[in-house]
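What follows is a short report on a single structure.
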Number of protein chains: 2
Amino acid sequence: MNANAPTSRSAEIPLILAAIELFGRNGYAAVSTRALSERAGTNVSSIKYHFGGKKELYRAAIVYVTEQVKPRIEFAMAALTQARSLAGDDPALQARLIKQLIDNLLKFFLGSEDIPHFMPLVMREFLIPGPYFETFYEALPRRLHELFCELVAMVEGSDPQDETTILRAHALMGQIMIFHVARPVLFARMNWDSYTPERIDNITHQVQQLVLSALQLTDPDVESS
Amino acid sequence: MNANAPTSRSAEIPLILAAIELFGRNGYAAVSTRALSERAGTNVSSIKYHFGGKKELYRAAIVYVTEQVKPRIEFAMAALTQARSLAGDDPALQARLIKQLIDNLLKFFLGSEDIPHFMPLVMREFLIPGPYFETFYEALPRRLHELFCELVAMVEGSDPQDETTILRAHALMGQIMIFHVARPVLFARMNWDSYTPERIDNITHQVQQLVLSALQLTDPDVESS
DNA sequence: TTTATTCAATCATACGTTTGATTTATATAA
DNA sequence: TTATATAAATCAAACGTATGATTGAATAAA
């Protein structure tokens with residue numbers, strides 16, 4: 001029983017990776033089974049054999065991405081829960097927690113990560129829900145959203161379930177998300193064609209300052225003028 | 001010479017409206033010429049006759065939407081330019097200007113407007129640029145972006161062309177945009193299925209407070225506690 | 001052998017486009 | 001007004017192609 005024997009089920013992962021890439025770039029309808037199998041280096045019929053059809057391959061791609069990203073979110077949730085008990089009522093610690101989270105999220109959304117090509121697919125499902133939105137929503141955006149609500153509730157001393165808290169957290173998350181979502185617009189405006197590390201650093205700093213300011217926190221790492 | 005005679009060229013507008021609706025809802029590749037012509041109540045071949053093909057119909061839809069929305073943005077730009085000279089250094093007036101703009105934008109993005117169905121198409125082009133992104137970008141998002149940068153620059157006393165100003169304005173716009181863009185996520189989270197006027201009011205209020213706070217302005221319409 | 005996987009070839013269908021005839025509108029002249 | 005010529009617009013039908021799905025033989029592994 002060789003665990004990484006490439007013989008059996010060898011076409012499944014290549015097909016899923018091709019699906020993540022092509023569906024992410026062009027959308028479901030614009031990608032043909034032939035294009036998928038060609039990118040994966042397999043025969044067209046392996047899609048039916050391994051998954052049942054094009055739709056099921058799309059679903060498998062979403063499940064795959066979800067399972068890749070889930071542990072990170074779980075980890076962040078756990079870390080936050082732990083940090084929350086430490087941060088307590090200390091505004092400086094709260095501010096650092098928020099800065100850290102913004103930094104992580106922006107690197108996650110904008111940076112070239114180790115799992116390279118899955119973001120477009122995630123975003124597509126995020127923005128234009130497909131038939132498997134539920135599968136995806138429960139595992140990813142919901143957790144992320146709850147995470148952010150916990151933070152806002154902590155700072156403002158409110159209930160993380162409150163409508164107001166959720167709306168405010170949602171709005172603040174928009175400051176991060178828009179840099180991924182409206183990328184074409186920002187790039188056209190700035191004459192950019194990629195997010196370099198320096199640009200991400202600058203964006204991170206500006207967003208951190210805006211969010212801290214919005215939450216009436218002062219940055220503990222900058223002496224006030 | 002009856003100006004509104006429905007006889008000649010009567011299939012053009014219905015086809016464009018069908019294109020705005022269907023392309024907006026399902027994306028370019030997922031919509032067939034037959035579906036378009038059926039929705040418009042015309043024959044398939046009128047697409048070739050009036051526009052040249054499916055691609056050109058898509059372009060016509062973008063141009064149409066652009067021309068519908070452009071005057072509003074021009075008007076808002078003019079109003080802001082005028083208001084800016086009045087607001088000057090008065091933080092209270094600046095705050096009211098910002099509140100007003102946020103209110104307008106959220107109503108525009110979330111509310112059921114007079115031109116009812118074009119928002120999904122606009123957003124699609126916004127998020128996933130098609131071959132006619134340039135046409136669209138110059139007329140809409142660019143103006144909106146500049147508008148917001150002007151405002152931020154006014155409040156912070158900075159140059160509207162500065163990278164920092166643009167990034168901060170971009171981030172703040174995210175607080176508004178996300179309520180349109182991540183609509184499926186928010187709805188799933190809140191168990192909503194539409195933006196009612198009350199919900200839009202609440203969202204508007206929260207975003208206004210967050211943006212004012214981020215820009216270190218106090219709301220002139222609320223006495224501080 | 002039995003089972004799992006790949007492959008070239010084929011199926012019916014849906015696609016965007018095109019055709020050629022037909023209908024409708026407009027203009028001109030008696 | 002009516003008749004007629006020209007142009008504009010619509011239509012049913014068909015074109016060739018690409019699609020997702022499927023087949024059955026071939027290959028590999030247990």
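Just so it is clear: chains get the letters A, B, ... in the order the sequence lines come, proteins before strands, and each one is counted from 1.
Between the CG atom of B:Leu15 and the C1' atom of D:dC11 there is a distance of 14 Å, given to the nearest Å. Look at CG on A:Leu36: it is 11 Å from P on D:dT19, rounded to the nearest Å. In this structure, B:Phe51 atom CZ and C:dT18 atom P are separated by 16 Å, rounded to whole Å. Taking atom OH of residue A:Tyr58 and atom P of nucleotide D:dG20, one finds them 15 Å apart after rounding to whole Å. Between the CD1 atom of B:Ile13 and the C1' atom of D:dT10 there is a distance of 17 Å, given to the nearest Å. Taking atom CD1 on A:Ile47 and atom C1' on C:dT5, their separation rounds to 15 Å, with Å as the unit. In this structure, A:Lys55 atom NZ and D:dA21 atom C1' are separated by 13 Å, rounded to whole Å.
At the phosphate of D:dA28, neither OP1 nor OP2 sits under 4.0 Å from any side-chain N or O atom of A:Ser10. Checking the phosphate oxygens (OP1, OP2) of C:dT6, a side-chain nitrogen or oxygen of A:His50 falls inside 4.0 Å. Taking side-chain N and O atoms only, B:Lys48 has no distance below 4.0 Å to OP1 or OP2 of C:dT17. At the phosphate of D:dT10, neither OP1 nor OP2 sits under 4.0 Å from any side-chain N or O atom of B:Ser45. The side chain of B:Asn43 places an N or O atom within less than 4.0 Å of a non-bridging phosphate oxygen (OP1 or OP2) of D:dA12.
Under the 6.0 Å cut-off for aromatic ring centres, A:Phe126 and A:Tyr137 do not qualify, their centroids lying 6.0 Å or more apart. A ring-centre distance under 6.0 Å is not found for B:Phe109 and B:Phe179.
Ranking D:dC11, C:dG16, D:dG20 by closeness to the A:Lys54 side chain, first place goes to D:dG20. For A:Arg34, the listed nucleotide lying nearest its side chain is D:dG20; candidates were D:dT10, D:dG20, C:dT6. Counting only heavy atoms from C-beta on, A:Tyr49 has its side chain closest to C:dA4 among C:dA4, D:dA9, C:dT18.
In this structure, A:Val44 reaches neither bases nor backbone, as no heavy-atom distance under 4.0 Å exists between it and the strands shown.
Side chains of B:Glu12 and B:Tyr64: a donor-acceptor N/O pair is absent below 3.5 angstrom, by distance only. Residues B:Ser158 and B:Thr165 bring a donor and an acceptor atom of their side chains to less than 3.5 Å of each other.
The aromatic rings of A:His170 and A:His145 sit tilted relative to each other, their planes meeting at an angle between 30° and 60°.
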